Number of protein chains: 2
Amino acid sequence: MESEDADRVTRLLAPRLHMLAALARTEHVTRAAEVLGMPQPTLSRAIARLQEDTGLTLVERTGRGVRLTRAGRLLLPHVERALADLARGVGELTDADRGRVGLTFLPTLGVEVVPALLRDFRRARPDVRFTLVQEPWADSLRRLAAGGADLALTSPLPADPLLESTVLHTQALRLVVPEHHRLAAAGRAVALAEVAGEEFVLLKPGRGVRHLTDLITDRAALTPKVAFEADDIATARGLAGAGLGVTVLPARPRGPLPGTVELALSDPGAVRPIGVVHPARGSGGGYTPPAVATFLEHVRRHGPRLIPDLTG
Amino acid sequence: MESEDADRVTRLLAPRLHMLAALARTEHVTRAAEVLGMPQPTLSRAIARLQEDTGLTLVERTGRGVRLTRAGRLLLPHVERALADLARGVGELTDADRGRVGLTFLPTLGVEVVPALLRDFRRARPDVRFTLVQEPWADSLRRLAAGGADLALTSPLPADPLLESTVLHTQALRLVVPEHHRLAAAGRAVALAEVAGEEFVLLKPGRGVRHLTDLITDRAALTPKVAFEADDIATARGLAGAGLGVTVLPARPRGPLPGTVELALSDPGAVRPIGVVHPARGSGGGYTPPAVATFLEHVRRHGPRLIPDLTG
DNA sequence: TCTGACCCATACTGGATCGCATGGAATCCG
DNA sequence: CGGATTCCATGCGATCCAGTATGGGTCAGA
């Protein structure tokens, strides 16, 4: 019951935090009202009501001025701390220099791309904090949609109208075959249908590349025989080179892995766009904190330069 | 301008602290409204207004429910901390077990009386904090009137109608003369007028005993010749014993100091009431925190037992 | 697919609050 | 010591907000 009463008083107190703080600092109703940008009578009566409602006497008249009572003086530091807490919280939402950015990104990008982006950005704005999550495509998008992150660096980019995307770099998808494969020496673009009956090395479900290969095979009306579902691109490439099957992967920046041959695909949509995704302004996340917007801009500007060389 | 904006948002946010917190905890407008004890539409619109005014999107509809946006989730801990700060502050004012008591007291009482009172009280309520100030009579009362303390243990008790007093013990004032003084062997009550022309050892201005002797000498229409103004009673007593002059002091509990003789005074008002003083409920302090009221009660109950033996 | 249940948002009315102008009280200065 | 000044409190009219009833939208189950 004590605490219920305290809660009641707290709730009555909350709306008048600023008034109380200003009044405490000035000990002068008229001046405090000026500081608060409100008419003097408003403040005067608001305080009067507050005291009547709570039963506390926080200020009292002394001559023609006012001053805080002992109770008011005891309460003041708590009020100011509460206001400071609020201001700090609001600041993180509204200041471009102090906010927090939640970023989820592909495992591949964690090696060099994300560190490079962060390094450059933090040089300019060292007080922006980051919450980083490294996870596959599907998880990233799910987290983004659920509000668990502000931005996703991933691939491919979703069609979801609630998510907005910016392409930073587009890799070509290639058919990767072992060097002794019958098509290895074809020297031309091939269609996926030409390897329809072969064993495929795929990525695990939920991976972006897997989603892309699913789309392509669906469009080519073929159901690949799955030899293995790899956890990452490098593993799939290696297994293909080992002869376990063919696979469809982004072109390797440094050239085909020794023991493998990369063939251009004639199938439509054989590309892997890498980009940054964020909730659409309209429906998804609503308000975008300045720190997030600033980092997004940074990514859009510098991502295209960093990504091509640093993914594989 | 950034910070002005933050302040504006903070001010808009403050009144809705509880709503936001409840909504965040439940993620359910109807249930949050129940918790807050308000109709559902009220909460619904309050949040809508808040978001419109601030430009922030803190909650969003998701299907037929609501959930916090990322901004809301970032803000939440700050809001809860702010509420906790407030609740703690209010608790100190309204809980008898957790408040703070500002106590100012006579230097003499600091030796044993105040420690004894605190020891007993803190055994029952260990979470009540104390702010202690040790200072002479006039300073104590000034501090009390200015709201710098809740209670004063001092002497004498003021006539000020803004201050309420409770007598805990009354000491007789005696004329203290050296053992070879002409009145030393009188063996009867004497009037101050009988030593009108002699040198007096007084206490310094601002001391309670000095105030009392001023009153008595005024009433007896005599202006004492001041041999010395002592800082404390013991010094005055010692100097009187040394023959520097006569003095008027409270009776020494353990009997007259060797080398001195104490004579009862026939003058009216030759008493020194010791008691506890606090702002009157009506005009002075207004609201009395429970912790203060409880300690005051403790002092009233146990003071009379402790003071007689522990002063001198 | 459609009905029912659930839940958040909106229309309308009564009361509290705000802003303006003014009163009352205390202090300062001549 | 008295007028002027400063400052907080209080009436009065307009506005905003809360409470009640209802609408719109979504999800679950048949």
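Please read these numbers as outputs of a predicted model, since none were measured by experiment. Just so we're on the same page: letters track the sequence lines, and every chain starts at 1.
Under 4.0 angstrom from either OP1 or OP2 of dC7(C) there lies no side-chain N or O belonging to Thr30(B). Between dC7(D) and Arg31(A), a contact under 4.0 Å exists linking OP1 or OP2 to a side-chain N or O.
As judged by a 4.0 angstrom heavy-atom cut-off over every strand, Pro41(A) is placed among the base-contacting residues.
In terms of position along DNA chain C, the nucleotide closest to Val29(B) lies nearer the 5' end than the nucleotide closest to the other residue of the pair Val29(B) and Arg49(A). Residues Thr62(B) and Val66(A) each lie close to DNA chain D; by heavy-atom proximity, the contact nearer the 5' end of the strand is made by Val66(A).
Protein atom NE2 of His28(B) is 11 Å distant from nucleotide atom P of dC6(C), rounded to whole Å. Going from atom CD of Gln51(A) over to atom P of dA9(D) covers 9 Å, rounded to whole Å. Between Glu52(B) atom CD and dC16(D) atom P the separation is 13 Å, expressed in whole Å. Atom P of nucleotide dC8(C) and atom CD of Glu27(B) are separated by 11 Å, given to the nearest angstrom. Rounded to a whole Å, the CZ atom of Arg64(A) is 7 Å from the C1' atom of dC7(D).
No donor-acceptor contact under 3.5 angstrom links the side chains of Thr104(A) and Arg143(A), judged on distance only.
Judged by distance alone with a 3.5 Å cut-off, a donor-acceptor contact links the side chain of Arg45(B) to the base of dG19(D).
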Exercise for review: Just do the side chain to side chain contact (heavy atoms under 4.5 Å, CB included) check on Val9(A) and Leu56(A) with the steps written out, would you?
Suggested key: CA-CA 9 Å; Val9(A) 173; Leu56(A) 301 173; 3.9 Å; yes
